[in-house]
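One structure is given here, and the rest of the page talks about it.
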Amino acid sequence: MMNMLKIVAVPMHREGRKFVAIFAAITVVLGFIWEPLFWLGVGATIWCYYFFRDPVRIIPQTPGLVISPADGVVSLIQEVIPPAELGLGDASVTRVSVFMNVFNCHVNRAPVAGTVRHVAYHPGKFLNASLDKASELNERNHVTIETDAGVKVGVVQIAGLVARRIVCFVKEGDRIEAGHRFGLIRFGSRLDVYLPHGIAPAVAVGTTAVAGETILADLNAASTAAVGVSV
């Protein structure tokens, strides 16, 4: 009972309201058909609410930190040529991929503070988002943020096997703070972060990341100790 209260006490993102309403309406109909189906519907509705949860996070405030944009597990760390849509050039950089399953919070948060320089949506397939080739073949949305120091960090929202809708709240020219919400992906997906050339990641494959809190890298190669604020 206490665990259930913790779930429903977490605020839900506005993008989830219509989905929870649909799940709830179907549950009512199922209740008229057969009581066990009603309770299955109740469970599915609670899961839908849980999927769109939007918990408060403590955002590190030390300048120069690159914060995880997603909840999930660091599934890949690779040296790659960044996508042309990000405008990061042709030199290889480190890409850190965070894979989100259907039980992770799917609200995406900005990895750094700065100005949004590029936003480019690309339609594609819906392969398993944990696969390396999902970065090139799946539906995805590219966002490049330039910090006040002139450093560019790329982040790509990638739809997964179940996901069919990428939502982005920012546009080119917008100012965004590190850890603030910039989008979400519905029902399982992945976020790729492209670090500037020469910046090493502060995480390893298998690390559990928390959006807005886990430090993926330090642009200043300094200590990652930080105070934080809740948003």
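What you see is a predicted model; the values in this text were computed from it and never measured.
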Donor-acceptor pair, D71 side chain versus V210 backbone, under 3.5 Å? no

I199 reachable from V151 in the ILVMFWY side-chain graph, under 4.5 Å edges: yes

Please check: side-chain N/O of R140 versus main-chain N/O of I158, any donor-acceptor pairing under 3.5 Å? no

Locate the shortest heavy-atom distance separating L184 from V107; write the atom from each residue and the value. CB-CA, 4.0 Å

Are any of the side-chain heavy atoms of R57 and I67 separated by less than 4.5 Å? no

Enclosure of F103 CZ (heavy-atom neighbours >12, cutoff 6.0 Å): no

Whether the side chain of H118 engages the backbone of V116 through a donor-acceptor N/O pair (distance < 3.5 Å, no angle test) should be reported. no

Which donor-acceptor pairs under 3.5 Å do the side chains of residues 201-209 make with protein atoms, sequence neighbours left out?
| from | atom 1 | to | atom 2 | distance (Å) |
| --- | --- | --- | --- | --- |
| T207 | OG1 | A204 | N | 3.2 |
| T207 | OG1 | A204 | O | 2.8 |

Joint cluster assignment, I176 & V119, ILVMFWY side-chain distance < 4.5 Å: yes

Any side-chain heavy atom of V73 sitting closer than 4.5 Å to one from V98? no

Rounded to the nearest 0.5 Å, what's the gap from CG on L195 to CG on L216? Could you check? 7.0 Å

If you group Ile, Leu, Val, Met, Phe, Trp and Tyr by side-chain heavy-atom gaps below 4.5 Å, do V80 and L86 land in one group? yes

Minimum heavy-atom separation for Y194 to L88, with atom names? CB-CD1, 3.8 Å

To the nearest 0.5 Å, atom CZ of R95 lies from atom CG of D192 at 5.0 Å

What closest approach, in Å, do E85 and A120 show between heavy atoms, and which atom pair accounts for it? CB-CB, 3.9 Å

Using 0.5 Å steps for rounding, measure from the CD atom of E177 to the CD1 atom of I145. 10.5 Å

Tell me whether I26 is reachable from W34 by hopping between hydrophobic residues (I, L, V, M, F, W, Y) whose side-chain heavy atoms are closer than 4.5 Å. yes

F38 and G31 have their tightest heavy-atom pair at CB-CA, 3.5 Å

Note: H197 and A91 closest approach over all heavy atoms is ND1-CB, 4.5 Å

Would E79 and T94 count as a side-chain hydrogen bond (donor to acceptor under 3.5 Å, both in side chains) if you check the C-alpha gap in whole Å, the side-chain angles of each, and the deciding distance to 0.1 Å? CA-CA 5 Å; E79 288 292 314; T94 300; 2.3 Å; yes

Say whether, by atom type as modelled, one donor and one acceptor occur between the side chain of N220 and the main chain of P63 under 3.5 angstrom. yes

Euclidean distance, T45 OG1 relative to I22 CD1, rounded to 0.5 Å: 11.0 Å

Around atom CD of E35, are there more than 12 heavy atoms from other residues, nucleotides or ligands closer than 6.0 Å? no

Please report the interatomic distance CG(D174) to CZ(R117), rounded to the nearest 0.5 Å. 11.0 Å

Is I77 linked to M100 within one hydrophobic cluster, defined over Ile, Leu, Val, Met, Phe, Trp and Tyr using a side-chain heavy-atom separation of less than 4.5 Å? yes

Under a 4.0 Å threshold between the charged nitrogen and the carboxylate oxygen, would R175 count as salt-bridged to D148? yes

Looking only at atom types and distance, does a side-chain atom of Q157 sit under 3.5 Å from a main-chain N or O of V155, one as donor and one as acceptor? no

How far apart are the closest heavy atoms of A159 and I166, and which atoms are they? N-CD1, 3.8 Å

Rounded to the nearest 0.5 Å, what separates atom CG in L40 from atom OG1 in T27? 9.0 Å

Heavy atoms, side chains only, cut-off 4.5 Å: are K152 and P196 in contact? no

